[in-house]
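What follows is one structure encoded as structure tokens, with my remarks underneath.
Reminder, nothing fancy here: chain letters follow the sequence lines and each chain counts from 1.
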Amino acid sequence: MSLDKATVARIAHLARIHVPEQDLEPLAGELSTILDWVEQLAEVDTDGVAPMTSVVEMTARWRKDEVTDGDCAEDVLANAPEAEMGFYTVPKVME
Amino acid sequence: MSSELTGLTLATARDGLAKGDFTSVELTQAHVAAVEAVRPLNAYITETPEKALEMAAESDKRIAAGKAGAMEGLPIAIKDLFCTKGVLTTAGSHILDGFHPTYESTVTANLFGAGAVMLGKVNLDEFAMGSANMTSYYGAVENPWKRKDDKKTKLVPGGSSGGSAAAVAARAALAATGTDTGGSIRQPASFTGIVGLKPTYGRCSRWGTVAFASSLDQAGPMTRSVRDAAIMLGAMAGFDPKDSTSMDKPVPNFEAALDGGVKGMRIGIPREYRMDGMPAEIEKLWQQGIGWLKGAGATIVDIDLPHTKYALAAYYIVAPAEASSNLARYDGVRYGLRVPGQTLQEMYENTRAEGFGREVKRRVLIGTYVLSAGYYDAYYLKAQKVRSRIAGDFRDAFDHVDAILAPTAPNAAFGQGENMDDPIAMYLNDVFTVPASLAGLPAISVPAGLSAEGLPLGLQIIGRPFDEETVLRAARSLEDAADFDTKPDFIAGR
């Protein structure tokens, strides 16, 4: 499975990582090598095999739907690169 | 006196403190000096000597009052993947610049609750992605071991818990926490001649540990003896309602489980771990291990784990997929680095381009691709089915055996910069550790011998889910037989 430049650009956009034009080609090569290597999984017969969704056998726990934490806006914002008046700030989204 | 103190194990230091041979403050002072002395290895990212001495003074009070916990007064290093309240937590990444958590991870809270003293935060591969500790934004970690005939080449300590391994091996911490996603505790333990235990998935809480691949990540102890691994695991483990995959099971007295030996135990030897091109010295060490366990009264049984050869490929779909999702949170808004952009979108893209290193980007992109529309079934779903097959292989094997013996890694520590051009060559380091990770099983690496180059090599014991006791008992038997007492070239403060 080899990826072309356009596909790498699309994935990079989905992953929200800026990749400069000149890096797309080498990156396509690297990613293709890894994808070619994982192709070997096609050899494994997995007909009727359920995908592993739980690592240890356990049933998900239930809990009451109630507030257990909160009232700590200062803590939440303590590490924000930019915060104002109790809010995160970001570049303007709407005109 | 001070090098005597840093040369102790957790068990002997605990006993010395109890007898009053020295205080925790004395023990900690010796280690604070060792942390300074170990700087050339770049094992620590953040040193916390004041905090350590404060914690030690509190420990001395509790010891005097007869209220000592299981790790009381014992100075340890914390992998910089665990959030520590008020102390810089980096995950080895530029993107977490300046991040001071406002909360404590459950594992570190448990350890500190048991009296452990924190010396500082230790280096790791960025977001725990790597097998050589070469990808940290804070620089590579050097292995305290050198080749017998080549004292110049700097070797890697393995990864991702490379700082933990180097600090413990160089006597700059009595023990350290590690995390293991595909081998990140066991492989560096093997490379540095120490003990590393990855518990069963669900044994230690993941809450407050920076996430890499949530269905694989598991914290565990890195120590200089099997007994120490038992002591420290007991203090780290336990049910945590804040982690939805934490298992609500009592924590056994692991130290008490060490006695009893392997007499009557059935030990499986997986045929499929005999890989093409595996160095003869690894095979020889494995045979030696088989001989030791047999000599101690275990029954050796050949077993099949037929899907072993597919484990790495499945891992390199599942782990990047989960990483791409987990790392979506680093967006320049809530914590860490922000690189400006004209729009919100540009700000995200610039922040993540500058904040993530090359290997992390590579894995996030692979993960994004295999989860993207049209490819999910072919890659992620297929890999999760293969993972079921691998787990099934182990389940079948454990119908016949109590534990499995295998090498930890296919080679000894290599030079810094080697294997960097070919990601797959680097990934092959984890060929023997990844299967147990995919199946969520407990596994330990014990130093068992030296390579022809004079470097440590580990043997691995893999056990049934939540049967760390059998794993530890078998490991103890290997440890006794191997009697590994060679020291690394670099010992802090010597």
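Aromatic ring orientation, B/F394 versus B/F398: parallel (interplanar angle below 30°, classes split at 30° and 60°).
Of all the listed residues (B/R387, B/R334, B/R389), the one sharing the greatest number of non-hydrogen pairs under 4.5 Å with chain A is B/R334. The most heavy-atom pairs under 4.5 Å with chain A, out of B/H100, B/Q342, B/M347, B/K361, come from B/H100. The candidate from B/G440, B/A314, B/S324 with the greatest count of non-hydrogen atom pairs under 4.5 Å with chain A is B/A314. Annotation: maximal heavy-atom pairing with chain A below 4.5 Å, among B/L312, B/V364, B/T200, occurs at B/L312. Ranking B/Y427, B/Y201, B/Y348 against chain A, the residue ahead of the rest is B/Y201, based on heavy-atom pairs under 4.5 Å. No other option in A/T46, A/T89, A/L41 has as many heavy-atom pairs under 4.5 Å with chain B as A/L41. When A/Q40, A/R10, A/R16 are compared by the number of non-hydrogen pairs under 4.5 Å with chain B, A/R16 comes out ahead. Between chain B and the options A/T7, A/V8, A/V19, A/V55, the largest number of non-hydrogen pairs under 4.5 Å is found for A/V55.
For B/A439, the part lying near chain A is the backbone, with the side chain staying farther off; criterion is any non-hydrogen pair under 4.5 Å. For B/V318, no part sits under 4.5 Å from any heavy atom of chain A, backbone or side chain. Heavy-atom distances place the side chain of A/L27, and not its backbone, under 4.5 Å from chain B. Heavy-atom distances place the backbone of B/L438, and not its side chain, under 4.5 Å from chain A. Contact annotation for A/A50: only backbone heavy atoms (N, CA, C, O) come within less than 4.5 Å of a heavy atom of chain B. Contact annotation for B/P306: neither backbone nor side-chain heavy atoms come within less than 4.5 Å of a heavy atom of chain A. Contact annotation for A/A83: neither backbone nor side-chain heavy atoms come within less than 4.5 Å of a heavy atom of chain B. Contact of A/V93 with chain B is made through the side chain alone, with heavy-atom distances under 4.5 Å. No part of B/Y103 comes within reach of chain A, as not one of its non-hydrogen atoms sits under 4.5 angstrom from that chain. For B/T343, the part lying near chain A is the backbone, with the side chain staying farther off; criterion is any non-hydrogen pair under 4.5 Å. With a threshold of 4.5 angstrom between heavy atoms, B/Y380 does not approach chain A through any atom at all.
At a cut-off of 3.5 Å, with distance as the only test, a side-chain donor of B/S93 or B/E126 sits close to an acceptor on the other residue. Between the side chains of B/T245 and B/R206, at least one donor N or O sits under 3.5 Å from an acceptor N or O. There is a side-chain donor-acceptor pair under 3.5 Å between B/Y379 and A/E39. Side-chain atoms of A/D75 and B/T102 form no donor-acceptor pair, as typed in the model, at a separation below 3.5 Å. In this model, no donor atom of one side chain and acceptor atom of the other lie less than 3.5 Å apart for B/D331 and B/T351. For the 3.5 Å distance criterion, the side chains of B/T179 and B/D217 fail to qualify, holding no donor opposite an acceptor.
A ring-centre distance under 6.0 Å is found for B/Y335 and B/F99.
Judged by the 6.0 Å and 45° rule, B/K249 forms no cation-pi pair with B/F239.
Interatomic distance, B/R362 CZ to A/T33 OG1, rounded to the nearest 0.5 Å: 9.5 Å.
A salt bridge links A/E30 with B/R358: at least one charged nitrogen is closer than 4.0 Å to a carboxylate oxygen. The pair B/K309-B/E272 does not meet the salt-bridge criterion, since no charged nitrogen lies less than 4.0 angstrom from a carboxylate oxygen.
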